[in-house]
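Throughout, numbering of the chain's residues begins at 1 and tracks the sequence. As the structure is a computational prediction, the values presented were derived from the model and not from experiment.
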Amino acid sequence: MEYEFILRIFCAAILGGLIGLEREYRAKEAGFRTHFLVALGSALFMIVSAYGFTDAMSNDLQRWDVSRVAAQVVSGIGFIGAGTIIFRKSENVVSGLTTAAGVWVVAAIGLACGGGMYKLATASTVMVLAGLEAFNFFLHKFDKHRKHQG
């Protein structure tokens, strides 16, 4: 079982790292290391939550809910995401929202890997990367169009 757990955190780290590489390439607030660590940490929390307390969970007198740790990862990751969001009052611009959302979804991908849902995590990673690239493509096209009209 230990090798399965290592595979889960390895998969989470790789998938989170891929999204982080895209963010790093675009020189965004949170890059490879942040995404890598969030995904790995989320997977580890999920594994520990589900399997780390088997001795205590075998007690019939108590009821355990392994999903509680996953729920706390979801809320806790908001603090990291909030740190990437910046409001520049002089320009009246908010930046970092996409990066914050990326950190949030990477935590979900890590939880999915920690739960052994590799296909779901991989499909989600592909969708995130496609969405980020599509956004970048359309933003680039929009900027070219705006420059030609100006």
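How far CG of L18 is from CZ of F32: 8.5 Å, rounded to the nearest 0.5 Å. Separating the CG atom in L15 from the CZ atom in F10 is a distance of 10.0 Å, to the nearest 0.5 Å. To the nearest 0.5 Å, the span separating OG1 on T125 from CD on E22 amounts to 12.5 Å.
Remark: T99 pairs with R23, E29 by the side-chain hydrogen bond (donor to acceptor under 3.5 Å, both in side chains) rule, at least two apart or across chains. Every residue meeting the side-chain hydrogen bond (donor to acceptor under 3.5 Å, both in side chains) condition with E4, not counting sequence neighbours, appears here in chain and number order: R8, Y118.
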Practice item. Show the numbers, then the answer: is there a side chain to side chain contact (heavy atoms under 4.5 Å, CB included) between R88 and S95? Key: CA-CA 8 Å; R88 286 182 248 136; S95 65; 3.1 Å; yes
Exercise for review: Output, in order, the C-alpha distance, side-chain angles, deciding distance and verdict of side chain to side chain contact (heavy atoms under 4.5 Å, CB included) for K28 and T98.
Suggested key: CA-CA 9 Å; K28 298 302 178 179; T98 302; over 6 Å; no
Exercise for review: Kindly determine whether I80 and I77 satisfy side chain to side chain contact (heavy atoms under 4.5 Å, CB included), including the steps that lead there.
Suggested key: CA-CA 5 Å; I80 293 175; I77 206 65; 3.8 Å; yes
Point to revise | Chi angles and distances behind the side chain to side chain contact (heavy atoms under 4.5 Å, CB included) call for I109, I19 | key: CA-CA 11 Å; I109 289 167; I19 294 170; 3.7 Å; yes
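Residues V105 and Y25 do not share a hydrophobic cluster, clusters being chains of Ile/Leu/Val/Met/Phe/Trp/Tyr side chains in contact below 4.5 Å. Side-chain heavy atoms closer than 4.5 Å link hydrophobic residues (I, L, V, M, F, W, Y) into clusters, and following such links, possibly through other members, connects I9 to Y51. Criterion: ILVMFWY side-chain heavy atoms under 4.5 Å apart, direct or through other members. Under it, M127 and L132 are not part of a common hydrophobic cluster. Cluster membership check: V74 shares its hydrophobic cluster with F45, using side-chain heavy-atom separations under 4.5 Å among Ile, Leu, Val, Met, Phe, Trp and Tyr. If you chain together hydrophobic residues whose side chains sit under 4.5 Å apart, I14 and M117 never meet in one group.
Taking both residues in full, the closest heavy atoms of S42 and L111 are given as O-CD2, 3.4 Å, listed atom of the first, atom of the second, then distance. Pairing each heavy atom of A70 with each of M46, the nearest pair is CB-CE, 4.0 Å. Closest approach of L40 and A13 over heavy atoms only: CD1-CB, 3.8 Å. Nearest approach of G81 to A100, heavy atoms of both residues: O-CB, 3.4 Å. Taking all atoms of both residues into account, the shortest heavy-atom contact from A121 to C113 is CB-SG, 3.5 Å.
Surrounding CZ of R26 are more than 12 heavy atoms belonging to other residues, nucleotides or ligands, all under 6.0 Å away. The neighbour count for F79 CZ, taken as heavy atoms of other residues, nucleotides or ligands under 6.0 Å away, does not exceed 12.
Taking the side chain as every heavy atom from C-beta outward, I86 and V94 never approach each other to under 4.5 Å. Contact check for V106 versus F36: no side-chain heavy atoms found under the 4.5 Å cut-off. Residues L44 and F5 form no side-chain contact, since every pair of their non-hydrogen atoms from C-beta on lies 4.5 Å or further apart.
When atom types are taken as modelled, the side chain of T122 and the backbone of K119 share no donor-acceptor pair closer than 3.5 angstrom.
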